[in-house]
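Just below is one structure, and these are the notes that go with it.
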Amino acid sequence: QVQLVEYGGGLVQTGGSLRLSCAASGSIFSIDGMAWYRQALGKQRELVADISSGGTTTYADSVKGRFTISRDNAKNTVYLQMNSLKPEDTAAYYCWMSIEAVPTGIFRGVWGQGTQVTVSS
């Protein structure tokens, strides 16, 4: 079994910063892509940022220049540094990883449980 545990959510004022972390544990042989998604109340889950195994990153237009995704492969961890936060960034944030549990070449997407980020105006 593989589990993703997220840390770092909370309440912050407009313009503030937060850093989210997501660590994978359990049966892990290798990890390919990692990503952060978010879901605001009444809205669909959307991709915020992703990072490939080689370190290539992509961002949603709404967070470009403010958020930075990074990964520590030795720790099986992905991070999301969020700066210049806005009220519209308020959402539950979920991490996602593509994980190969045993060396079979088969990867499975795994989700974290979500962490709430609330930005007050």
Side-chain angles (χ1 to χ4, degrees):
Q1 286 281 16
V2 176
Q3 185 179 16
L4 304 187
V5 179
E6 298 158 359
Y7 304 92
L11 175 64
V12 65
Q13 291 186 332
T14 296
S17 298
L18 283 175
R19 188 190 195 213
L20 305 183
S21 302
C22 172
S25 61
S27 177
I28 299 170
F29 178 73
S30 67
I31 303 177
D32 192 0
M34 298 179 176
W36 287 96
Y37 288 75
R38 67 185 181 187
Q39 187 168 17
L41 278 175
K43 295 188 177 181
Q44 289 188 330
R45 192 172 295 190
E46 63 174 358
L47 176 65
V48 175
D50 62 24
I51 183 168
S52 71
S53 57
T56 300
T57 59
T58 60
Y59 296 92
D61 287 343
S62 58
V63 307
K64 281 180 182 176
R66 300 188 298 121
F67 290 10
T68 302
I69 188 171
S70 60
R71 63 190 286 169
D72 184 333
N73 293 325
K75 296 181 179 179
N76 293 331
T77 299
V78 62
Y79 305 96
L80 186 68
Q81 177 66 45
M82 304 184 293
N83 299 328
S84 302
L85 283 161
K86 305 174 181 180
E88 50 263 44
D89 294 319
T90 295
Y93 284 71
Y94 298 88
C95 63
W96 176 91
M97 296 186 188
S98 179
I99 296 176
E100 183 185 24
V102 292
T104 59
I106 299 173
F107 288 79
R108 182 173 67 93
V110 182
W111 289 94
Q113 81 285 358
T115 185
Q116 180 66 34
V117 172
T118 301
V119 185
S120 63
S121 57

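Bear in mind the structure is a predicted one, so any value in this text is a computation, not a measurement. The first residue of the sequence shown is numbered 1, and numbering continues consecutively from there.
- Remark: Lys43 engages no residue in a salt bridge (Lys or Arg N to Asp or Glu O under 4.0 Å) (not counting sequence neighbours).
- Side-chain contact check for Thr58 and Asp50: at least one donor-acceptor pair (N or O, by modelled atom type) lies under 3.5 Å.
- By the 4.5 Å heavy-atom criterion applied to side chains, Leu20 and Met82 are counted as neighbours.
- Residues meeting the side chain to side chain contact (heavy atoms under 4.5 Å, CB included) test with Ala92, sequence neighbours left out: Tyr94, Gln116.
- Side-chain contact between Ile28 and Met97 is absent, with no heavy-atom pair separated by less than 4.5 Å.
- With a 6.0 Å cutoff to the six-membered ring centre and a 45° limit on the axis angle, Arg45 counts as a cation-pi contact of Trp111.
- Tyr79 is linked by a ring-ring contact (aromatic ring centres under 6.0 Å, His included) to nothing, counting only residues two or more places apart in sequence or in another chain.
- Applying the side-chain hydrogen bond (donor to acceptor under 3.5 Å, both in side chains) rule to Asn83 yields the partners Ser17, Gln81; only residues at least two apart in sequence or on another chain are considered.
- A donor-acceptor pair under 3.5 Å is absent between the side-chain atoms of Arg71 and the main chain of Gly33, judged by distance alone.
- Judged as a side chain to side chain contact (heavy atoms under 4.5 Å, CB included), and not counting sequence neighbours, the contacts of Thr104 are Val102, Ile106.
- The closest side-chain heavy-atom distance from Ile31 to Phe107 is not below 4.5 Å.
- Rounded to the nearest 0.5 Å, atoms CG (Asp32) and OG (Ser30) are 7.5 Å apart.
- Qualifying salt bridge (Lys or Arg N to Asp or Glu O under 4.0 Å) partners for Arg66, counting only residues two or more places apart in sequence or in other chains: Asp89.
- The closest donor-acceptor contact from the side chain of Thr115 to the backbone of Tyr93 lies at 3.5 Å or more, if one exists at all.
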